Amino acid sequence: MSETFDAIIVGGGHAGVEASLALARLGFNTCLVTSDPARIAEMSCNPAIGGLAKGHLVKEIDALGGEMALAADATAIQFRRLNTRRGPAVRASRVQSDMDRYRDRMVEVVHSCPNMTVVSGMVEEILFENGRVSGVGIEGGQSLHTANVILTTGTFLRGLLFTGLSTTHGGRAGDRAAEKLSDSLLRLGLTLGRLKTGTTPRLIKDSIDFSVCEEQPGDRIVVPFSRRSAGLPLPQQSCYITYTNERTHAAIRAGLDRSPLYTGNIVGRGPRYCPSIEDKIVRFADKERHQIFLEPESLERDWIYPNGLPTSLAEDTQLAMLHSIKGLEECRVARYGYAVEYDFVKPTQLYPTLECKAVPGLYCAGQINGTSGYEEAAAQGLLAGLNVACKLRGRPEIILRRDQAYAGVLIDDLTTLGTEEPYRMFTSRAEFRLLLREDNAWYRLAEIGHEVGLVPESEIEAVRAEMRLIESEIERARSVSIPSSDALEKLFASRGIETSRPGYTRENLLKRPELEAADLSEIDPEFSSLPETVREQVELELKYEGYIKRQKDAAARLIELEELRIPKDFDYRSVGGMSREVLEKLETLRPATIGQATRISGVTPAAVSLVIIALTRRRNRP
């Protein structure tokens with residue numbers, strides 16, 4: 001079979017789903033090639049969506065018109081808001097998902113999407129003609145043709161699975177590895193690296209003694225990820241907490257002689273912030289215990305995910321380790337943990353659009369770029385799909401700035417700095433994190449989603465109306481007076497606030513660190529009548545006004561640098577005055593903007609100034 005498409009997406013994981021849905025929904029003839037169409041958007045590791053910084057990404061995906069937030073809400077079996085006692089920049093949402101329902105829902109959404117063709121197969125080659133991508137070759141001799149390919153291969157490129165001294169080929173448990181595609185990428189001139197990740201053993205629910213563990217219920221009041229969701233339809237479940245102990249650590253140390261991490265069998269670097277339990281025991285030998293979260297994977301399937309125990313130890317060592325933990329003394333194992341080692345594309349070879357610099361028409365998104373996590377993958381997939389759509393329409397590409405979105409921080413970090421270990425998003429990576437809160441994702445990004453065509457007119461009008469109301473209420477808060485009253489005096493007394501004036505404005509009250517919007521609602525009926533999202537935004541914008549202004553001023557300076565575009569064919573050797581090291585970095589990384597150039601390690605301010613001067617002269621030539 002030989003067919004032609006507007007775009008072909010290789011891989012049916014979280015990145016591939018968002019990329020293919022975006023293109024198909026925008027009317028493009030789209031093909032998704034996956035090794036198993038029944039396992040689209042499989043949650044291969046933990047049964048959760050969101051978390052610190054990751055929740056921000058999910059909200060941003062939703063604001064741009066993506067699918068992940070809707071799927072997370074529809075399949076959530078526990079909702080929790082994290083860091084509620086800390087500042088608004090680091091508050092985040094997380095849901096435990098029913099893994100089976102999440103996958104099944106995404107399978108249905110993809111297969112029922114107009115303009116979508118799903119092909120079962122293993123891609124072995126990227127076809128390349130006349131200086132650009134021309135399609136893909138599939139195992140068995142089939143070829144599919146397109147000028148735009150998005151690779152979202154996850155952990156499948158030459159994937160190896162490790163449990164103790166046992167090694168098998170595979171992208172994950174139950175799936176074959178993509179053995180030949182890496183060779184095709186190497187022939188195209190791309191540089192590949194090697195990374196490692198891992199997953200935990202899965203435990204049989206009725207073999208666990210939850211009565212001796214600490215129960216962790218979800219939040220009583222839930223706020224869905226998506227503003228398009230009516231709520232969370234499934235019954236909510238509890239998780240449970242237990243801990244490792246010295247017997248656990250002794251069992252792990254006794255099995256290190258058969259650990260692929262310590263025998264040299266695994267050469268790829270693993271995630272720094274989510275290491276294997278054996279790595280934790282060695283690196284943090286002074287810690288007496290490590291926390292383990294026992295998380296349900298499904299309402300029907302009786303598997304429990306022991307979050308905190310990723311491992312590639314031998315099976316007998318895993319069992320000894322598990323049986324030493326409180327509540328798990330009699331546990332039975334449904335599937336043992338394992339590590340996965342796989343190839344990835346060094347992401348500095350990509351433009352911020354996620355298109356390969358050396359291979360026009362080839363885009364990469366997700367773990368193939370060195371990231372970890374479903375959310376990071378989905379965000380990249382959506383933006384890769386949107387940029388292919390913009391190219392097909394002849395419209396400007398979409399590159400989100402660092403002050404505009406966590407997705408912008410993610411892609412800028414990857415394409416500018418690269419990574420030598422699985423990249424995980426944290427709030428600390430964003431220098432403008434007070435501007436990039438979860439609660440304002442739609443206000444930041446919905447206009448982009450609408451402009452590209454994924455956010456409908458009715459939704460953008462609702463967002464615009466909400467933003468106008470927030471702005472007017474912020475101004476009103478500066479003048480609306482709250483006179484002294486028994487209710488106000490009682491509120492002050494409960495918070496330890498001394499009264500010193502006969503009246504206050506809403507602004508005076510909301511700026512106090514001891515008070516929140518909910519407190520003002522109790523004594524101000526007019527404020528209480530406003531929508532909760534509006535009250536929250538008014539409070540945050542006023543309470544953190546000074547900090548927000550400083551970040552906006554700093555962002556404005558960054559925007560000036562980001563607007564100074566560097567042509568793809570710019571000749572750095574014609575600039576003069578730069579060291580060989582700086583010249584090599586600029587020629588290799590080919591920054592898209594002056595702002596990106598400033599963030600390249602080793603590129604000095606003096607060198608950036610020289611490039612700016614050269615660009616100015618180039619523009620002023622007749």
Side-chain angles (χ1 to χ4, degrees), residues 9-17 32-48 71 75 97-108 110-111 118-124 138-140 152-182 195-205 260 265-266 268 276 295-298 300-307 309-315 318-319 332-344 366-368 372-374 377:
I9 292 80
V10 180
H14 303 278
V17 163
L32 174 64
V33 185
T34 176
S35 59
D36 188 349
R39 298 185 72 181
I40 286 172
E42 182 88 41
M43 301 179 85
S44 304
C45 193
N46 64 307
T75 61
S97 290
D98 185 309
M99 300 176 76
D100 298 332
R101 282 180 168 86
Y102 188 96
R103 178 201 60 226
D104 293 346
R105 184 189 183 281
M106 283 298 204
V107 168
E108 172 61 25
V110 168
H111 282 275
V118 179
V119 172
S120 176
M122 187 71 72
V123 171
E124 295 186 332
I138 300 178
E139 183 181 52
T152 66
T153 51
T155 59
F156 279 66
L157 291 182
R158 288 198 293 213
L160 290 175
L161 310 182
F162 296 87
T163 302
L165 300 180
S166 171
T167 304
T168 58
H169 293 267
R172 64 185 171 202
D175 282 310
R176 290 189 302 140
E179 297 293 346
K180 297 183 179 180
L181 186 53
S182 288
L195 293 178
K196 168 259 175 188
T197 188
T199 190
T200 72
R202 305 307 203 268
L203 311 179
I204 301 296
K205 183 177 181 179
N265 291 13
I266 293 176
S276 297
E295 302 172 347
E297 291 195 346
S298 168
E300 279 82 29
R301 184 162 30 131
D302 61 346
W303 284 21
I304 294 294
Y305 180 91
N307 196 338
L309 285 178
T311 183
S312 56
L313 290 164
E315 291 182 359
Q318 290 190 42
L319 198 60
R332 301 191 304 277
V333 178
R335 190 179 75 199
Y336 285 97
Y338 61 91
V340 188
E341 188 182 65
Y342 56 96
D343 289 344
F344 78 108
Q367 281 184 280
I368 191 174
S372 65
Y374 310 142

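Values in this document were obtained by computation on a predicted structure and should not be read as measured data. As a basis for the values below, the full set of heavy atoms in this structure was taken, side chains included, without hydrogen atoms, waters or symmetry mates.
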Over all atoms of both residues, closest heavy-atom pair of [X] and [Y]:
X      : Y      : value
His14  : Ala41  : CE1-O, 3.6 Å
Tyr102 : Ser97  : CD1-OG, 4.3 Å
Ile9   : Gly16  : CG2-CA, 3.6 Å
Gly121 : Val33  : O-CG1, 3.8 Å
Ser312 : Gln318 : C-NE2, 4.4 Å
Pro296 : Ile304 : CA-CD1, 3.8 Å

From [X] atom [atom1] to [Y] atom [atom2], the distance as rounded to the nearest 0.5 Å:
X      : Y      : atom1 : atom2 : answer
Ile266 : Leu195 : CD1   : CG    : 12.0 Å
Phe156 : Arg172 : CZ    : CZ    : 4.0 Å
Glu341 : Thr155 : CD    : OG1   : 11.5 Å
Met43  : Met99  : CE    : CE    : 6.0 Å
Arg101 : Thr75  : CZ    : OG1   : 9.0 Å
Ile368 : Thr153 : CD1   : OG1   : 3.5 Å

* Between Glu124 (side chain) and Lys180 (backbone), is there a donor-acceptor pair under 3.5 Å? -> no
State, yes or no, whether a side-chain contact exists between [X] and [Y] at a heavy-atom distance under 4.5 Å.
X      : Y      : answer
Thr311 : Tyr336 : no
Thr199 : Pro310 : no
Leu181 : Met122 : no
Ser120 : Thr34  : no
His111 : Pro37  : yes
Asp100 : Arg301 : yes
Leu203 : Pro306 : yes
Tyr342 : Gln367 : yes

* Carefully, step by step, assess Ser372 and Thr197 under the rule side chain to side chain contact (heavy atoms under 4.5 Å, CB included). => CA-CA 8 Å; Ser372 65; Thr197 188; 5.7 Å; no
* Side chains of Lys196 and Ser276: is there a donor and an acceptor less than 3.5 Å apart? -> yes
* **salt bridge (charged side-chain N to carboxylate O under 4.0 Å, His left out) partners for Glu42, two or more places apart** => Arg39, Arg103
* Please step through side chain to side chain contact (heavy atoms under 4.5 Å, CB included) for the pair Tyr305 and Thr200, ending with a clear verdict. => CA-CA 7 Å; Tyr305 180 91; Thr200 72; 3.4 Å; yes
Exercise answer: donor-acceptor pairs, residues 158-167 side-chain atoms, under 3.5 Å, sequence neighbours excluded:
unit_1 : atom_1 : unit_2 : atom_2 : d
Arg158 : NE     : Asp343 : OD2    : 2.6
Arg158 : NH1    : Asp183 : OD1    : 3.4
Arg158 : NH2    : Asp343 : OD2    : 3.0
Thr163 : OG1    : Gly337 : O      : 3.3

* **His169, NE2: over 12 other non-hydrogen atoms inside 6.0 angstrom** => no
